[in-house]
Every structure is written in structure tokens, then in C-alpha cells.
Amino acid sequence: MTKIGVVLGSKSDMPVAEKAIGILREFGVPFEVRILSAHRCPDEAREFAASAREGGFSVLIAFAGMAAHLAGALAANTTLPVIGVPCKGNCLDGMDALLSTVMMPSGIPVATVAVNGGANAALLALQILGTSDKSIAEALDAHRAKGKAAVLAADEEVRSLYQ
Ligand code: RP5
């Protein structure tokens, strides 16, 4: 089966990446985790992206904070779908990373999720794979059904508490 690439700009992005890794484990989809900075090791980041398709990857998820150029730098070197996750740093509430990730020039798209949106990044990657893999599509339907059941159970609880 095809793999998802989980690429972090720094080890310090791991708490956000773990949200994605948890989802990918839950779905049992193969993935690989790398730490490759667009700024501190640009040659290695470029080489990874340029060889990702032949390396068996179908989608890349990039986690980076501050001047978050990792998703864009990967996208510049592959036509695989790249999902960018802006990570909140110590200042500016993640707006720095959000704008750096989302404001890509025309021709080089990055599908950007919310600041610290690791779970949605994994789900979006799975949805991309689910366009051609029926078992992943069915697992996504089951995941949605679980989310719906949790909300309806919470609704039932508050209604009984506050009637
Ligand atoms: C970015 O700079 C990384 O993705 C990280 O979010 C941020 C800070 O990196 P460290 O100084 O913690 O390694 O490139």
C-alpha cells in the first residue's frame, strides 16, 4: 500500500505531528516520519520531496512553525499533494506560520489546515487516499459516524441536565 509522508521542520513540532500520527495509526495506513527543515537542511528537504513519488509516497503532510516554509518548499519539488500544518510558536499565536504556509504563489498549491490542525491534516490525507481505496473510504465513514454519535450523546446529556 502507498505511504503518507509526515515531515516536521523541527523535533519541537512533534506534539502537533503526534495528533496526525495517532489518526494514521488508528486507520492502519503506512506512514513515515522525517525531520527535514526547509532552512536548516534545504538540500535534504528538496531531495526528499523530489524522490517522494518514486519512494512510494502518495501524500505529504508538512509541519512547521514561525517562518513556516517547509510545506511550500516540499510542494516546489513534487506534484504529490502537500498538506501544510502551521504550528503555533512562542509568539504571534501561529499567525506567522499560518500565513507563511497558506499564501503560496499560483501554480504551487499547499492545502493548509488550521493552526496546530494535525488531526485534520491526517484525515485530509486519508480522504485523498480514499478517492481510490474503498477500505480507507469506508473507515472514514465509520470515523465520521463515531464523531456524530459522540456529539449526539453529549446533546442527550446536556438536555437531561438542563431541562
Ligand atoms: C520551524 O521553526 C520549525 O518547524 C519549528 O516550528 C520552529 C522552531 O524550531 P526549533 O528552533 O524549535 O527547532 O522551522
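Only this structure's heavy atoms are used, side chains among them; waters, hydrogens and symmetry mates stay out. Every number for a ligand or one of its atoms is a count from 1 in the order of the listing.
- Within 4.0 Å of ligand 1, the residues that place a heavy atom are Gly9, Ser10, Ser12, Asp13, Arg40, Ala64, Gly65, Met66, listed by chain and number.
- Side chain to side chain, Arg53 and Thr79 meet the donor-acceptor criterion of an N or O pair below 3.5 Å.
- Taking the side chain as every heavy atom from C-beta outward, Pro86 and Val102 never approach each other to under 4.5 Å.
- A distance of 11.5 Å separates NE2 of His143 from CG of Asp141, quoted to the nearest 0.5 Å.
- Among residue pairs with one or both ends in residues 65-94, those qualifying as salt bridge (Lys or Arg N to Asp or Glu O under 4.0 Å) are Lys88-Asp93; sequence neighbours excluded.
- Counting non-hydrogen atoms of neighbouring residues, nucleotides and ligands closer than 6.0 angstrom, the CG atom of Asp155 exceeds 12 such neighbours.
- Residues Phe31 and Leu36 fall into different hydrophobic clusters, defined by Ile, Leu, Val, Met, Phe, Trp and Tyr side chains chained together at heavy-atom separations under 4.5 Å.
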